[in-house]
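First the proteins, then the strands, lettered A, B, ... as listed; each starts at 1. What you see is a predicted model; the values in this text were computed from it and never measured. The figures here come from the full heavy-atom set of this structure, side chains too, leaving out hydrogens, waters and symmetry mates.
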Protein chains: 4
Amino acid sequence: MSKEDSPRMSRRDRRHRALKDAAIEIFFEHGYHAAKVSQIVKRVGVAQGTFYLYFEGKQQLFAELISDFLELFVSTVAEWEPEEIDSRRVLRQELTEVGLKLTEVLLDNKKVTAIFFRESQAVAPELNELIRHTYEMLLAMLTDFNRILYKRGLIADMNFRLLATMTVGMVERVIVERIVHDTLDEAEPQEIVDHLIMHYLAGTTDIVDETLS
Amino acid sequence: MSKEDSPRMSRRDRRHRALKDAAIEIFFEHGYHAAKVSQIVKRVGVAQGTFYLYFEGKQQLFAELISDFLELFVSTVAEWEPEEIDSRRVLRQELTEVGLKLTEVLLDNKKVTAIFFRESQAVAPELNELIRHTYEMLLAMLTDFNRILYKRGLIADMNFRLLATMTVGMVERVIVERIVHDTLDEAEPQEIVDHLIMHYLAGTTDIVDETLS
Amino acid sequence: MSKEDSPRMSRRDRRHRALKDAAIEIFFEHGYHAAKVSQIVKRVGVAQGTFYLYFEGKQQLFAELISDFLELFVSTVAEWEPEEIDSRRVLRQELTEVGLKLTEVLLDNKKVTAIFFRESQAVAPELNELIRHTYEMLLAMLTDFNRILYKRGLIADMNFRLLATMTVGMVERVIVERIVHDTLDEAEPQEIVDHLIMHYLAGTTDIVDETLS
Amino acid sequence: MSKEDSPRMSRRDRRHRALKDAAIEIFFEHGYHAAKVSQIVKRVGVAQGTFYLYFEGKQQLFAELISDFLELFVSTVAEWEPEEIDSRRVLRQELTEVGLKLTEVLLDNKKVTAIFFRESQAVAPELNELIRHTYEMLLAMLTDFNRILYKRGLIADMNFRLLATMTVGMVERVIVERIVHDTLDEAEPQEIVDHLIMHYLAGTTDIVDETLS
DNA sequence: CATGAATGAGATTTCATTCAT
DNA sequence: GATGAATGAAATCTCATTCAT
């Protein structure tokens, strides 16, 4: 997902990148269906046919964009080491760190983020499958994580899958409002993350640790 | 949004309803862009031109569907009387009731629900505005509601808009998983609603009422 | 072509007349092809189907309008008695009379006149034939008339058909400018008619009569 | 308006020309409204979409045709040098020349001429404005010309605008009969032009020059 | 006579993709 | 690799006309 136009990139890679960047702009401005390949190539300044030297087609380019986004998202939220989390305090620290990192990454990629949440599901069934698969993975991961937290006494017993689902929802909607619609902009990332964590960790019985922290 | 084909409906209303129902099927199966007006009219068994006696066009029909859905959603979640809520217990009762009602309503309208969450934002900018406007309204309402709960000592002090946003997110994702993707189906509506409420009401200090209930 | 809504007319005739009048308005405003039957019936306040009780269709109605107009035109210009014309002075008197009468009649029917000259030829081949036939008749009549004038020594020898053609052209263009486009409106009908006659009768050798008159 | 398929024309220009020529045929045969783009492309042997690489649409193509025609017409009749006309004889010479040139040009473009007079006004209001504007220009030019002739003692005093209008009418109708309907075909162009001039210059008092010539 | 809902043929136009240069 | 002209499939929508009530 990195967009830097490093001189180390080959001519081919640079052009590939340029087309993707242009596509992001156009998709963001007009939406996938209203966006025309002709607009994308015009923005980059290459011929219509050139487009097909770099992508199989409009849809495949879109899929590539979404796939990049999912990878970026997953790699950002999935880089922690659960085994090190042994106290409520460490948990909060870790979650805060992930939350702030994610905020930063998504703010750096506002337009793809917007594209993803706005219409990634309305383009092609194949793409929906990829997205669905990623969600399943994320949910499974979070569910497992919740179970671990429970075993370590960090959260109460409950439906862990449900908790994972709700958590994903909270985060998604906050992203959409904050990153895509620019509401919630008076709230600091730290504040947002704190609220998310508080409601994620609701219903815990670990009163002691809570009062101590 | 009611779909019953009551004999009280005029001939015109019945046909209007039939076309909408067929459209829901087709949009659900193929998605907005792949759906053809010809498929819709064929399913109802009327001529192509008849469609345009009832709708200005494919897009306006879609907008009508989404508008209906939003109205249904809002009217379902917005029918409570905040003034009667004076205790944690009543609050839970009310929320549970709304949650169960919403579950029922959305299960009755699975396909429109799926259409809404899958691609309502990827059709037309005008429609996006309507949707956005509805979200703003919903968020404002919930924010106010949260503020009232706080004043009555039912929740802690916090960023009420943020809480509203997260709540909407939790609910949305749970809807999508449960109603649209048929995951979480081993969870009873009651369990789901309980979890949602628990995490919505997280961070409360009202320990007393809590232990009593 | 008479438009008066006399009480002597039967209900049927009144409605027929009303539809024609409405059609004239609509055709004038939008042109034949852009005019819709629905607009015509709406203006009269009858149902769509009623239209077809009075006319075979849109095209036949148009043809009726044009046919009426041609009849009106021909009957206006063709009512003289050539045998009585035995001097240049009488000729001028007769021509003046016809000219003024025609002006009056066409001013009373501005919109049909405009419709006729603007698009009567662009509707249907059958109609073109009728129009063509009328022109042929008119030209033949005028040609004969010219020949008679020549025999009586009122005009010089020349190509009488050509003279007839030019005369029709002069008159037509003057009509279009004066009646349809409202240019030439500072010129009195009398002046217009005088000019037409002068150039129609050009090349005459009848100097004597000329100087006497 | 030139139709020659010169090898100097670019590939693009040749195809543009070919499409226009085919369109002229089709419009001539069926009329604007009955003419189908599919017929035009079929005649040229290109794909349907190709048409839209060269024209914005059927209507714009028609407008281009009419615009070409008007330009051709105006450039043919407007190329004289009024200052050189100092005698009735020179005037006749000049008018004859223009008349013969126009006849030639229009005979070379019979079908567009027919299309123009048959239905150019029945296609689109925008086009009507262009046509009207051209007529106004032509009439103003002729009116000025008449005034000059009068000042030089070549024609009598009269309503010059009216004379211009009548002249345009004579010419038009003669064109329609001769070029479009193939009547008057036993008359030589020279004869036609002579008659037109005679009636155009009617009412002159310049007897001397007349008898001399 | 009157109604007006329903019909359905079919033309225009778009644009992703191809391929000869 | 690059070009960009050409392709052509296919879907929307219109509106004169019909006909059952």
Side-chain angles (χ1 to χ4, degrees), chain A residues 10-12 15-16 32-42 44-62, chain B residues 10-12 14-16 19 33-42 44-61, chain C residues 10-12 15-16 32-42 44-62, chain D residues 10-12 14-16 19 33-42 44-61:
Chain A
S10 69
R11 177 180 170 68
R12 179 168 178 86
R15 195 157 268 190
H16 187 254
Y32 176 80
H33 283 96
K36 292 166 203 161
V37 172
S38 60
Q39 294 174 304
I40 296 171
V41 296
K42 183 190 277 180
V44 176
V46 296
Q48 191 95 348
T50 305
F51 181 89
Y52 294 87
L53 298 174
Y54 292 87
F55 305 98
E56 278 165 43
K58 182 183 168 184
Q59 186 172 304
Q60 183 266 321
L61 159 60
F62 187 83
Chain B
S10 70
R11 176 179 177 66
R12 179 170 178 84
R14 268 202 308 281
R15 194 152 268 193
H16 188 250
L19 282 165
H33 283 96
K36 308 300 163 208
V37 172
S38 59
Q39 296 173 305
I40 297 172
V41 296
K42 184 186 285 177
V44 177
V46 296
Q48 191 89 353
T50 304
F51 180 88
Y52 294 89
L53 295 175
Y54 291 88
F55 307 98
E56 280 162 44
K58 183 182 158 185
Q59 185 172 305
Q60 185 264 323
L61 159 61
Chain C
S10 68
R11 176 180 171 69
R12 179 169 177 85
R15 194 157 269 190
H16 187 255
Y32 176 80
H33 283 97
K36 293 167 204 161
V37 172
S38 61
Q39 294 174 304
I40 296 171
V41 296
K42 183 191 276 181
V44 175
V46 296
Q48 190 95 348
T50 305
F51 181 88
Y52 294 87
L53 298 173
Y54 292 88
F55 305 97
E56 279 163 43
K58 182 183 167 185
Q59 185 172 302
Q60 184 265 322
L61 159 60
F62 188 83
Chain D
S10 70
R11 176 179 175 66
R12 179 170 178 84
R14 268 203 308 282
R15 195 152 269 192
H16 188 251
L19 282 165
H33 284 96
K36 308 299 163 208
V37 172
S38 59
Q39 296 173 306
I40 297 172
V41 296
K42 185 185 285 179
V44 177
V46 296
Q48 192 88 352
T50 304
F51 180 88
Y52 294 88
L53 295 175
Y54 292 88
F55 306 98
E56 280 162 45
K58 182 181 157 185
Q59 185 172 304
Q60 185 263 322
L61 159 60

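- In terms of position on DNA chain E, the residue among C/Ala47 and D/His33 whose nearest nucleotide sits closer to the 5' end is C/Ala47.
- Interatomic distance, NZ of C/Lys42 versus NZ of C/Lys36, reported as 9.5 Å (0.5 Å rounding).
- Nearest-nucleotide positions on DNA chain E place C/Phe51 closer to the 5' end than the other of C/Phe51 and A/Ala34.
- Neither OP1 nor OP2 of F/dT14 sits under 4.0 Å from any side-chain N or O of B/Tyr52.
- Counting non-hydrogen atoms under 4.0 angstrom, B/Arg12 reaches nothing in the nucleic acid.
- Taking atom CZ on B/Phe55 and atom P on F/dA11, their separation rounds to 20 Å, with Å as the unit.
- The side chain of D/Arg15 places an N or O atom within less than 4.0 Å of a non-bridging phosphate oxygen (OP1 or OP2) of F/dA6.
- Within the structure, a side-chain polar atom (N or O) of A/Arg11 is placed less than 4.0 Å from OP1 or OP2 of F/dA2.
- Between the CD atom of B/Gln48 and the C1' atom of E/dA9 there is a distance of 10 Å, rounded to whole Å.
- Here CZ of A/Arg15 is found 6.0 Å from OG1 of A/Thr50. Values are rounded to the nearest 0.5 Å.
- Atom CZ of C/Phe51 and atom NZ of C/Lys58 lie 9.0 Å apart (nearest 0.5 Å).
- Between C/His16 and C/Tyr54, the ring-plane angle classifies as tilted under the 30° and 60° cut-offs.
- In this structure, A/Tyr54 reaches the sugar-phosphate backbone alone: every heavy-atom distance under 4.0 Å involves primed, P, OP1 or OP2 atoms, never a base.
- Residue D/Ser38 places none of its side-chain N or O atoms closer than 4.0 Å to OP1 or OP2 of E/dA11.
- With a cut-off of 3.5 Å on both pairing distances, the Watson-Crick or G-U wobble partner of F/dT3 is E/dA20.
- The nearest whole Å value for the distance from the CD atom in A/Gln39 to the P atom in E/dC15 is 9 Å.
- Looking at heavy-atom distances under 4.0 Å, A/Ala35 makes contact with sugar-phosphate atoms alone, never a base.
- To the nearest angstrom, C1' of F/dC15 lies 12 Å from CD1 of C/Ile40.
- In this structure, C/Gly49 reaches the bases: a heavy-atom distance under 4.0 Å links it to at least one base atom across the strands shown.
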